[in-house]
Amino acid sequence: MIQTICHLIASREHGGLEKHVADLSRWQACNTNARVAVIAHPRYLTTLDERIQFIPLNTDRSRHHPNLVWRLANLIRKGEYQIVHGHGSKSAQLLAAVQPYTETRQVITRHNVRHPRDKLASAFDARIAISNATVANSKLDWNIIHNGVELVTPAANASLQNSLPNDKPRLLVASRLIKARNVDLLIEAMQRLPECRLMVLGDGPEKETLRNQVSELGLEQRVTFFTGDNTVANFIEMADLVVIPGAVEGTPYTLIEALLHRKPVIANRSGNAIDYLPSEYLLDNLEPRHIAEKIDRALSRANIEQDFGPLFERAGEEFTLESMARATWQVYSQLIA
């Protein structure tokens, strides 16, 4: 019987990996009788459910720092956890370092292809990967458990609907507005899509630069910015097509949410999008002309529902928080039999 679980985050970001841990630990705390803890840098405290036991640790130190390894080993021993679950590359390296000093069973989740290779990964009791593409270079056995999200029913939002006329197809890009997300290239592509409107949902250091770009291109009437505090589900519901131009490692949560809401998606080939989308909906390059052509072709396809129908059904079965969490629990149960 599983009674104690501890998750380890050792990253510096607030992205998909961190959301994965927050969602998974919350589900475990709410749906099992296990005591659930998370060891992470203090900056992650506010992202976790109040039912989670939060254990602060300055993981920004080098993984080779002897004090970091020793403190982590002490925290694991003190908690007497049956399972410690490390997420991401640095977490895996830290857990490997404390193996001589702890007796707990160790699980790792590989979120991107930069994760430590097989020599290190083979040292763990169980291995999870969020997609087949993530472990395409591995010869080890992995449990493939796709990221899952909690399906949120869009709330009625008359003011939002009135602010965006529906006389043209609506595109949505929902992202942190940084250079790596390539929103500027999508905005440039909008010059070639006069029959479309674009909703830009998100915040970040590039937001003002992107606003200036829209103004310089004379696209103010067709490109609208919204704060990232808004519920993504409302915007997905209004969109005809979700576009993910960013070079994202792992699986973009916007992709999963769009499929759960039965909305078609065009995405960059980077990350794990190739595991989800037909090739016709993958960007081969990031030239604005190519982006515009892909979008125009997708919107013109008479059988787009047929293209995405099987994906929508698969999303409902595999890409929910419930399915992800239960599959992960099954991995745990096999260790604590």
Side-chain angles (χ1 to χ4, degrees), residues 1-61 68-69 71-95 98 102-111 124-128 130 143 145-152 229 231-232 250-251 253 256-257 319-336:
M1 182 178 180
I2 303 170
Q3 298 177 316
T4 55
I5 304 164
C6 182
H7 296 273
L8 174 63
I9 306 174
S11 56
R12 294 173 178 260
E13 305 295 329
H14 282 280
L17 183 154
E18 294 73 30
K19 176 175 169 55
H20 176 101
V21 176
D23 290 347
L24 179 59
S25 61
R26 184 183 74 251
W27 186 94
Q28 292 171 348
C30 294
N31 295 278
T32 75
N33 294 319
R35 173 169 58 89
V36 183
V38 171
I39 298 175
H41 191 279
R43 62 175 160 264
Y44 295 116
L45 172 61
T46 58
T47 68
L48 300 173
D49 189 274
E50 60 183 11
R51 285 159 287 201
I52 307 300
Q53 178 191 5
F54 181 72
I55 304 172
L57 179 65
N58 182 11
T59 54
D60 286 350
R61 289 175 170 174
L68 175 57
V69 173
R71 284 203 62 198
L72 177 60
N74 284 338
L75 291 173
I76 292 173
R77 286 198 299 265
K78 182 179 178 180
E80 298 182 337
Y81 305 109
Q82 293 170 287
I83 293 172
V84 176
H85 189 164
H87 300 265
S89 174
K90 188 174 180 180
S91 292
Q93 292 164 336
L94 287 173
L95 287 185
V98 303
T102 60
E103 297 181 356
T104 186
R105 308 304 295 272
Q106 293 186 346
V107 179
I108 56 169
T109 291
R110 182 169 178 170
H111 290 261
F124 295 94
D125 298 297
R127 294 172 293 274
I128 297 171
I130 66 169
N143 297 281
I145 303 176
H146 296 280
N147 278 343
V149 299
E150 199 162 21
L151 185 61
V152 177
D229 293 336
T231 303
V232 176
T251 306
Y253 271 88
I256 298 172
E257 290 188 66
F319 304 157
T320 64
L321 174 58
E322 183 80 9
S323 62
M324 176 188 79
R326 289 196 178 280
T328 303
W329 194 258
Q330 181 62 31
V331 172
Y332 294 170
S333 299
Q334 291 170 356
L335 295 180
I336 311 296

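For clarity, every value in this text was computed on a predicted model and none was experimentally measured.
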Legend entry - Qualifying residue for side-chain contact (heavy atoms from CB on, under 4.5 Å) with His85, from Val36, Val107, Leu95, Val21: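 Exactly one pass, corresponding to Val107.
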Legend entry - Identified side-chain contact (heavy atoms from CB on, under 4.5 Å) partner of Leu57 from the options Leu72, Val38, Leu94: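 Output: one option passes, namely Leu72.
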Legend entry - Tyr81 and Thr102: CA distance, side-chain angles, deciding distance, side-chain contact (heavy atoms from CB on, under 4.5 Å) verdict: CA-CA 10 Å; Tyr81 305 109; Thr102 60; over 6 Å; no
Inset, instruction - Check the side chains of Thr4 and Glu80 for a donor-acceptor pair under 3.5 angstrom, ignoring hydrogens and angles. - result: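 Side-chain D/A pair, Glu80 to Thr4: absent.
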Inset, instruction - Check whether the side chains of Glu322 and Trp27 place a donor and an acceptor atom closer than 3.5 Å, and report yes or no. - result: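 Short answer, yes.
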Quick one: [atom1] on [X] to [atom2] on [Y], what's the gap to the nearest 0.5 Å?
X	Y	atom1	atom2	result
Glu257	Asn147	CD	CG	11.0 Å
Leu335	Gln330	CG	CD	10.5 Å
Glu18	Tyr44	CD	OH	4.0 Å
Leu45	Ile52	CG	CD1	11.5 Å

Inset, instruction - Could you check if a side-chain atom of Asp49 sits within less than 4.5 angstrom of a side-chain atom of Ser25, using non-hydrogen atoms only? - result: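 No, too far: nothing below the 4.5 Å cut-off.
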Inset, instruction - Quick one: do Asp60 and Arg12 satisfy side-chain contact (heavy atoms from CB on, under 4.5 Å)? Show the steps, please. - result: CA-CA 7 Å; Asp60 286 350; Arg12 294 173 178 260; 3.6 Å; yes
Exam field: side chain [X] to backbone [Y], donor-acceptor pair closer than 3.5 Å:
X	Y	answer
Lys19	Tyr253	no
Thr59	Ala40	no
His146	Ile130	yes

Inset, instruction - Specify whether His87 and His111 have parallel, tilted or perpendicular ring planes, treating 30° as the upper limit for parallel and 60° as the lower limit for perpendicular. - result: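 Rings of His87 and His111: tilted, 30 to 60°.
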Inset, instruction - Assign the ring pair His7 / Tyr332 to parallel, tilted or perpendicular, where the plane angle (0 to 90°) is split at 30° and 60°. - result: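 His7 vs Tyr332 ring planes: tilted.
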Legend entry - Exercise: identify the closest heavy-atom pair between Ile2 and Ala34: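 Distance-wise, the nearest heavy atoms are O-CB, 3.8 Å.
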Legend entry - Audit row: Met324, Leu24, side-chain contact (heavy atoms from CB on, under 4.5 Å) steps and yes/no: CA-CA 8 Å; Met324 176 188 79; Leu24 179 59; 4.2 Å; yes
Legend entry - Stepwise side-chain contact (heavy atoms from CB on, under 4.5 Å) check, Arg35 with Gln53: CA-CA 8 Å; Arg35 173 169 58 89; Gln53 178 191 5; 3.4 Å; yes
